[in-house]
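Comments concern the structure below.
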Amino acid sequence: MNVLILGGGGVIGQKLGQALARRGHLRGQTITRLTLADVTDPAPVDGAETIRCDIADAASVAAAIPPDTDVIYLLAAIVSAHAEEDFDAGMSINMMGTLNVLERCRALGTCPVVVFSSSVAVYGGEVPDPIVDHTFLNPQTSYGTQKAIGELLVNDYSRKGMIDGRGFRLPTISVRPGKPNRAASSFMSSILREPLNGQEAICPVGPEFLHCYLSPRRCVENLIAGTEWQPEDLGMNRCMMMPGRMWSIAQVIQAMTAVAGPEPAKLIRWEPQADIQRIVNGWRFDLRPEKSIKLGLRADDSFEDNIRYYLEDDQPHA
Ligand SMILES: NC(=O)c1ccc[n+]([C@@H]2O[C@H](COP(=O)([O-])OP(=O)(O)OC[C@H]3O[C@@H](n4cnc5c(N)ncnc54)[C@H](O)[C@@H]3O)[C@@H](O)[C@H]2O)c1
């Protein structure tokens with residue numbers, strides 16, 4: 001079993017690589033090769049090879065996906081605020097990059113499993129609450145639009161037997177390790193991560209702001225579980241929400257205080273930011289991910305768990 005993670009240098013890609021290397025098997029077979037590919041050299045992971053690949057470049061994609069590739073995780077993307085600021089980059093990486101990967105699979109003719117990372121940013125605008133898996137996609141950002149196009153392509157290439165695709169609309173992954181990124185949701189990790197590390201952070205929305213969250217640990221478990229499914233499990237829409245849970249900013253801060261004491265919350269500065277609010281207020285929050293839950297995926301049991309997972313898995317040690 002030859003497994004490739006495109007976007008393997010990113011937060012989820014690294015954690016997925018580590019989890020697959022530890023696990024050693026997938027879909028009933030031993031993983032004999034595990035490759036992490038990214039536009040810059042991914043950090044090394046024990047048990048995995050690392051290579052460079054720019055998904056916006058078809059030749060680079062062809063070189064990264066040899067004919068014996070069985071499973072491809074397509075995590076490479078630029079995130080929401082970045083794709084909003086740089087339309088051309090969003091189109092060439094998020095949209096054309098996805099097409100390049102699917103076209104390479106089609107050219108191979110081997111029908112590899114492709115696990116596509118979509119986003120709940122495909123939902124928005126004038127659609128009724130609650131949002132269910134089959135609510136029509138009405139993205140209110142270029143990023144969401146590029147992910148929605150990716151979903152349609154994953155479905156069509158699967159229907160044609162060119163890939164065995166499945167796509168997951170990820171909720172916001174928190175607590176995300178590392179540095180803030182250019183996602184509009186970046187503050188949803190930094191208001192926890194920075195204070196847990198003794199640093200100040202800015203919260204650009206009010207304490208009542210509600211959103212859907214999932215820990216990186218559970219996200220990786222869900223991606224692996226979803227890889228195991230057979231085509232008949234998936235039905236006629238291969239793309240679905242990954243479970244998360246709704247919490248307000250006040251609740252996630254309370255969870256941090258419950259786990260780590262009162263000091264971290266004192267490091268949060270409340271400074272409204274109109275550009276961030278404009279994007280995140282377009283996101284919908286009453287999400288009901290029924291299909292993936294029925295198929296066995298799980299959300300975190302509490303936000304305290306998200307905080308504990310960060311402290312166990314990621315907190316930098318002095
Ligand atoms: N983390 C979240 O909250 C969240 C939520 C919804 C969807 N997603 C999606 O999940 C996926 C992984 O997210 P993440 O949090 O690990 O993001 P990340 O930014 O940490 O990782 C994405 C990786 O893609 C790489 N990349 C960018 N352009 C590339 C290119 N042209 N060729 C190859 N690689 C390229 C980046 O270098 C980066 O390492 C992304 O597709 C993202 O859109 C994430």
Charged N-O contact under 4.0 Å between [X] and [Y]:
| X | Y | result |
| --- | --- | --- |
| K15 | D314 | yes |
| D46 | R22 | no |
| D305 | R308 | yes |
| R298 | E221 | no |
| R288 | D286 | yes |

Tell me, do [X] and [Y] make a side-chain contact under 4.5 Å, heavy atoms counted?
| X | Y | result |
| --- | --- | --- |
| C212 | R169 | no |
| E103 | Y157 | yes |
| P243 | R218 | no |
| L210 | S248 | yes |
| D275 | E84 | no |
| C53 | V61 | yes |
| V280 | F187 | yes |
| D300 | W247 | no |

Between [X] and [Y], what is the shortest heavy-atom contact and its length?
| X | Y | result |
| --- | --- | --- |
| P171 | G244 | CG-CA, 4.0 Å |
| Y73 | I224 | OH-CA, 4.3 Å |
| P67 | R104 | CD-NH2, 4.2 Å |
| L20 | I31 | O-CD1, 3.8 Å |
| P195 | I268 | CG-CG1, 4.0 Å |
| E194 | E200 | CB-O, 3.7 Å |

Side chain [X], main chain [Y], donor-acceptor under 3.5 Å:
| X | Y | result |
| --- | --- | --- |
| N306 | S174 | yes |
| R176 | N181 | no |
| Q14 | G8 | yes |
| D233 | Q230 | yes |
| R27 | T227 | yes |
| T69 | P66 | yes |
| N94 | I78 | yes |
| S292 | L297 | no |
| Q315 | L196 | yes |
| K291 | V132 | no |

Checklist entry - Are more than 12 heavy atoms from other residues, nucleotides or ligands located less than 6.0 Å from atom CZ of R106? => result no
Next on the checklist: Students often mix this up, so state it plainly: with edges at 30° and 60°, are the rings of F209 and H211 parallel, tilted or perpendicular?
Outcome noted: parallel
Item to check | Audit row: I65, I72, side chain to side chain contact (heavy atoms under 4.5 Å, CB included) steps and yes/no | outcome: CA-CA 8 Å; I65 307 180; I72 300 164; 3.8 Å; yes
Using the rule that Ile, Leu, Val, Met, Phe, Trp and Tyr join whenever any side-chain heavy atoms are under 4.5 Å apart, tell me whether [X] and [Y] fall into a single cluster.
| X | Y | value |
| --- | --- | --- |
| F168 | L26 | yes |
| L223 | V3 | yes |
| V115 | I173 | yes |
| V122 | L152 | no |
| V175 | M256 | yes |

Checklist entry - Passes salt bridge (charged side-chain N to carboxylate O under 4.0 Å, His left out), R159 versus D156? Steps please. => result CA-CA 5 Å; R159 186 183 61 81; D156 202 41; 2.6 Å; yes
To the nearest 0.5 Å, what is the distance between [atom1] on [X] and [atom2] on [Y]?
| X | Y | atom1 | atom2 | answer |
| --- | --- | --- | --- | --- |
| Q273 | C203 | CD | SG | 9.0 Å |
| R52 | T40 | CZ | OG1 | 6.5 Å |
| I93 | T98 | CD1 | OG1 | 10.5 Å |
| S117 | L74 | OG | CG | 6.0 Å |
| T50 | I5 | OG1 | CD1 | 11.5 Å |
| M242 | S118 | CE | OG | 10.5 Å |

Checklist entry - Do D57 and N100 meet the criterion of a side-chain donor-acceptor pair at a distance under 3.5 Å? => result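 No donor-acceptor contact under 3.5 Å links the two side chains.
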Next on the checklist: Is there a side chain to side chain contact (heavy atoms under 4.5 Å, CB included) between D70 and V113? Walk through the geometry before answering.
Outcome noted: CA-CA 6 Å; D70 300 293; V113 171; over 6 Å; no
Item to check | Partners passing side-chain contact (heavy atoms from CB on, under 4.5 Å) against M95 (at least two apart in sequence or in another chain) | outcome: M91, Q146, I149
Checklist outcome for this item: side-chain contact (heavy atoms from CB on, under 4.5 Å) filter on P272, not counting sequence neighbours, yields Q277
Checklist entry - Who are the ring-ring contact (aromatic ring centres under 6.0 Å, His included) partners of Y310, not counting sequence neighbours? => result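 ring-ring contact (aromatic ring centres under 6.0 Å, His included) check on Y310 returns nothing, list empty.
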Item to check | Check against side chain to side chain contact (heavy atoms under 4.5 Å, CB included), L170 and I12 | outcome: CA-CA 11 Å; L170 270 47; I12 299 171; 3.7 Å; yes
Next on the checklist: Set out, in order, the CA-CA distance, both residues' side-chain angles and the distance that settles side chain to side chain contact (heavy atoms under 4.5 Å, CB included) for L287 and Y123, then state yes or no.
Outcome noted: CA-CA 10 Å; L287 306 168; Y123 296 119; 4.2 Å; yes
